[in-house]
**Student:** 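Sharing a structure here in structure tokens format.
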Amino acid sequence: MSGALYLEPRVSPRVSSLLGSSGFLHTLADALGSPLGLVLPDQIGENVERFRSVYSKHHLSGRTFLAHKANRSSALLRRLVTTGAGVDVASLGELQHALGCGFAPALIMATGPKDPEFLWLAARTGVTVSLDSAVELDQLAALVRAQRLPRVRVLLRLSGFESAGVKMLTRRSRFGAPIRELDAVLKTVERYGDAVELTGVAYHLDTTSPAEKAVALEGCLVALEECRTRGLAPRAVDIGGGFGVNYLAHATQWEQYTTELANAVLGSRPPLTWGGHGYGLREDGGTLRGTLGLYPAYRPVAGERYLDDLLSRPALAFSGRKLATLLLEHLYDLYAEPGRALLDQCGLTLAKVVETRDTGAGPLWVRLAATADDIGLEEHGVLMDPVLLPRAPGVADHDTGPVAAHLFGSLCLESDLITRRIVFLPNRPAPGDLMAFVNTAAYCMDFHATHAQRQPVARKVAAWQDGDGEWRWCLDEQYWPITPPGGQQ
Ligand SMILES: *Cc1c(COP(=O)(O)O)cnc(C)c1O
């Protein structure tokens, strides 16, 4: 077939080596079932170092905290603790997990909305609490006083920032106290001086826009000044997460794909999706309307480069001086809470091909032993091709040339599509082959996993290379970062 539109994933050397060990991956999937999640603990170590290098470049002190919610893995957390990075927990279960993985309370940040139990364990163990609201501050102070606990370190999460110059408002958020209420909240903080110690201010914006984040960071710097004039002594700015990941290998493929998707919606080329789905785009009297609701999968400035870019931006309220310079001059600690970016290349999901069905002129139907919830890429709007791992590499049958395919999940549900788009594969898959969906560690591995239809959720294993470069593995919960890794050879 002609006109294949590929979206080849970007893969790190480590992931590339793993994909090259097809026999190893088939053995794992045969033993542990499909779908199967693999996490790569050593990769998170490398990712932490990348973030650290940006801190060094700008001479900044502080810490990165992994946003735990992006993946439930124990192996990743236990490997992370050895790097000196921290963890951001958003539930009682995540806090218990972090403590059990060896994180000292000083390396744990409790964020998000908090149940009384979560707040209690946070206060008891002395982790830092990133306050979501004034109400939460009341609850925490009451708890600390009633149980005569030591003062709890708190960050004040803020929202609703406004820029100084050109009018720009940061997006509305459910979380954090509106900056215009800062004065009232600080009065409360002062009133609770015996129960809480304000150590910093925070924001987290669910946006890809660096300009918006710069406005928020600048707003936090202004808020810190306000705190200091009142005699409070917070030192940290927590800039949350949202540094992003570059999922695709080639800019041109992404540009070509999105162009052709628009053409398909307009009807000027054959469809590219199941049922004419437009990913937010629609045709209206020959015109393209709507907005593309997809993750910008090709994103060269992501992860630590995004952080670098943000820190290098000018702060309008401070005569255009660089944000990093302002942080450095005040000796503020910079906290960051990347989820997606710290998990870049840290995991992949394997799914077995169960059936292939020819449907005449249309794309091949391929059914996988996995549900759309097991492979959350589509849910998160990340379009990226799977890597086909033939069961019997080299068999002539596999050298078919490109095919277009619909990838269906295993649920008895029309909407269980692994991806709504037609996927182009370099070769025709066969039952027994594996499809590897790479870069699923953040939000796309276990975030949506359910027991629908009593199907088991994916097992998870940790994989690493030994001194000879051989791939080793153990169940995720069996992984401890002791020598030898996994502690079981
Ligand atoms: C989800 C979340 C993060 C992580 O966001 P990413 O986009 O995965 O980097 C960080 N901080 C808070 C408070 C969050 O809720």
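Both counts, for ligands and for their atoms, begin at 1 and track the order of listing. Atom set for the values below is all heavy atoms of this structure, side chains included, hydrogens, waters and symmetry mates excluded.
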**Student:** Among L25, L28, D374, which one satisfies side chain to side chain contact (heavy atoms under 4.5 Å, CB included) with L36?
**Tutor:** L28
**Student:** Taking G176's backbone N and O only, do any of them form a donor-acceptor pair with D132's side chain (distance below 3.5 Å, no angle check)?
**Tutor:** yes
**Student:** Looking at E94 and K69, does any basic side-chain N land under 4.0 Å from a carboxylate oxygen?
**Tutor:** no
**Student:** Against the six-membered ring of W464, is R472 placed for a cation-pi contact (under 6.0 Å from the centre, within 45° of the normal)?
**Tutor:** no
**Student:** For the pair H97 (side chain) and G100 (backbone), establish whether a donor and an acceptor sit closer than 3.5 Å, ignoring hydrogens and angles.
**Tutor:** no
**Student:** May I ask you to identify, for R157, whether its side chain, its backbone, both or neither come under 4.0 Å of ligand 1 on a heavy-atom basis?
**Tutor:** side chain
**Student:** List ligand 1 atoms under 4.0 Å from G339, heavy atoms only on the residue side.
**Tutor:** 4 (C), 6 (P), 8 (O), 9 (O)
**Student:** Could you tell me if any non-hydrogen atom of G242 lies under 4.0 Å from any atom of ligand 1?
**Tutor:** yes
**Student:** List ligand 1 atoms under 4.0 Å from A67, heavy atoms only on the residue side.
**Tutor:** 3 (C), 4 (C), 10 (C)
**Student:** Record the part of D88 in heavy-atom contact with ligand 1 below 4.0 Å; permitted values are side chain, backbone, both and neither.
**Tutor:** side chain
**Student:** Starting from atom 11 (N) of ligand 1, find the nearest protein heavy-atom neighbour and note its residue, name and distance.
**Tutor:** E337 OE1, 2.6 Å
**Student:** Below a 4.0 angstrom heavy-atom separation, can you tell me which part of P338, side chain or backbone, both or neither, approaches ligand 1?
**Tutor:** backbone
**Student:** Distance under 4.0 Å to a non-hydrogen atom of R340: what atoms of ligand 1 satisfy this?
**Tutor:** 6 (P), 8 (O), 9 (O)
**Student:** Report the distance from atom CZ of F243 to atom CD of E304, rounding to the nearest 0.5 Å.
**Tutor:** 11.0 Å
**Student:** Side chains of R340 and Y247: is there a donor and an acceptor less than 3.5 Å apart?
**Tutor:** yes
**Student:** Should Y443 be listed as contacting ligand 1, given a heavy-atom distance under 4.0 Å as the test?
**Tutor:** yes
**Student:** What is the closest protein heavy atom to atom 15 (O) of ligand 1, and at what distance does it sit?
**Tutor:** K69 NZ, 2.7 Å
